[in-house]
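Step one of this worksheet: look at the structure below.
What you see below is based on every heavy atom in this structure, not just the backbone, and it leaves out hydrogens, waters and symmetry mates. We number each residue from 1, following the sequence as shown.
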Amino acid sequence: MTADDHASAAADLLQAERSREQIGLLTLRHPGMGMDDAYEVQKAIYRQKLAEGRSVIGWKIGLTSKAMQYALNIDIPDSGILFDDMAFDNGSTVPAGRFIQPRIEAEIAFVMKSAVGGEYVTRDNIISATDYVAPSIEILDTRIQRVDPETNKARTVFDTISDNAANAGIVLGAERHAVDAFDLRWVGALTFRNGEVEETGLGAGVLNDPVESVVWLARRMAQYGQSIEPGQVILSGSFIRPVECPSGTKIHADFGFFGSVDINFA
């Protein structure tokens, strides 16, 4: 893909976000598309959003579980950017029509107190740079079709990364914990949709330990000349499958001793 191809794909995705109408698979449009192309499209979206007055509040990490990696035939996670207009208050309601096909995932969020980055970042570096961890919900949306209706070809990881890793929103719970207060591998959640348990999982599903997920992010960002900044929120990755959230959905993620998070969809 050329720089013009990256810019054109980013423009189409931004228009899809505004119009709430999905576009076709970029991997069908550009069969030779690769990982670097996908992140270049994401970077073009980032530049345009900054030009429109948005600011970056953090990062999300996706595809951290073995099940999702096997499903997409990929052996590494991906990442996306959290912007200020993606933050929703705990217990609030997402307005009708805000998203195209919203889904949610339960995750452990890291809130950073100091900058951290570089290709040799360690676990201890991440722990030292973390202000606190909190229960969270990530809202996903898809500006790209999940399956092409003509060919039945499913979107690939390159489509998803281009689409800002399907990122759409973040909800933080009220509880705050020191990063070393618990063994995060054993922090889990019962995720309820309209009063019924839909998914359960443990932090160990996230690259064996959510801290290692943030290590991966910092190292990946270093490849692109980026680093994690103070005050940023890092969604470390989901330990449940995505839960569909059509209109009228009420979500409650019960993390037990770790806290809880709620979000509703009008």
Side-chain angles (χ1 to χ4, degrees), residues 58-72 77-80 82 86-96 98-111 132-142 146 160 165-177 179 181-214 233-266:
W59 301 81
K60 67 147 293 182
I61 310 164
L63 302 179
T64 52
S65 72
K66 291 294 185 182
M68 292 300 292
Q69 289 182 6
Y70 293 152
L72 289 175
D78 67 1
S79 64
L82 295 167
M86 294 179 175
F88 290 85
D89 291 335
N90 187 20
S92 64
T93 298
V94 176
R98 170 70 186 267
F99 300 121
I100 303 171
Q101 294 179 343
R103 299 180 292 167
I104 65 92
E105 294 177 335
E107 311 192 16
I108 296 170
F110 288 65
V111 179
Y132 59 86
V133 290
S136 70
I137 285 173
E138 180 186 1
I139 302 173
L140 306 172
D141 199 16
T142 49
R146 298 184 192 178
T160 302
N167 192 18
I170 174 176
V171 190
L172 287 181
E175 294 78 14
R176 307 285 187 263
H177 306 285
V179 66
F182 302 103
D183 183 342
L184 296 179
R185 298 173 303 168
W186 287 99
V187 173
L190 307 177
T191 306
F192 294 79
R193 180 173 64 182
N194 297 332
E196 296 185 355
V197 175
E198 287 286 332
E199 288 289 336
T200 65
L202 288 173
V206 178
L207 297 184
N208 301 320
D209 184 339
V211 176
E212 294 299 330
S213 182
V214 186
V233 181
I234 310 298
L235 292 177
S236 60
S238 179
F239 44 74
I240 66 168
R241 292 177 298 180
V243 177
E244 302 283 349
C245 295
S247 180
T249 297
K250 297 182 182 297
I251 294 291
H252 173 66
D254 181 359
F255 288 72
F257 55 81
F258 201 69
S260 64
V261 195
D262 294 88
I263 192 70
N264 307 308
F265 294 81

**Message:** Any heavy-atom pair between the side chains of I263 and V261 that's under 4.5 Å?
**Reply:** no
**Asked** Can you find a pair of side-chain heavy atoms, one from L207 and one from I61, that are under 4.5 Å apart?
**Response** no
**Prompt:** Do E244 and E198 have side-chain heavy atoms sitting under 4.5 Å apart?
**Reply:** no
**Request:** Could you tell me whether E199 and R103 make a salt bridge, using a distance below 4.0 angstrom between a side-chain N and a carboxylate O?
**Result:** no
**Request:** Let me see the working for L172 and N90 under side chain to side chain contact (heavy atoms under 4.5 Å, CB included), right down to the final yes or no.
**Result:** CA-CA 6 Å; L172 287 181; N90 187 20; over 6 Å; no
**Message:** Quick check against the 3.5 Å criterion: does E175 have a side-chain atom that pairs as donor or acceptor with the backbone of A134?
**Reply:** no
**Ring geometry between F192 and H252 (parallel below 30°, tilted from 30 to 60°, perpendicular above 60°)** = tilted
**Item:** Test item: K60 side-chain N/O and A165 main-chain N/O as donor-acceptor pair under 3.5 Å
**Value:** yes
**Asked** Between the side chain of S236 and the main-chain N/O of I108, is any donor-acceptor distance below 3.5 Å?
**Response** yes
**Prompt:** Backbone N or O of A189 within a donor-acceptor pair of the D254 side chain at under 3.5 Å?
**Reply:** no
**Item:** A253 backbone acceptor or donor facing S260 side chain under 3.5 Å
**Value:** no
**Message:** Which heavy atom of I251 sits nearest to which heavy atom of V243, and what is that distance?
**Reply:** CD1-CG1, 4.3 Å
**A266 backbone acceptor or donor facing R98 side chain under 3.5 Å** = no
**Prompt:** Any donor-acceptor pair under 3.5 Å linking the side chain of D141 with the backbone of I100?
**Reply:** yes
**Asked** Below 4.5 Å, heavy atoms only, C-beta onward: do V94 and P102 meet side chain to side chain?
**Response** no
**Asked** How about F257 and F182: are their ring centres within less than 6.0 Å of each other?
**Response** yes
**Asked** Is there a side-chain contact between P210 and F239, using heavy atoms and a 4.5 Å cut-off?
**Response** no
**Prompt:** Okay, side chain of D78, backbone of G62: is any donor-acceptor separation there less than 3.5 Å?
**Reply:** yes
**Asked** Counting only N and O atoms by type, is there a donor-acceptor contact under 3.5 Å from the side chain of S136 to the main-chain atoms of E107?
**Response** yes
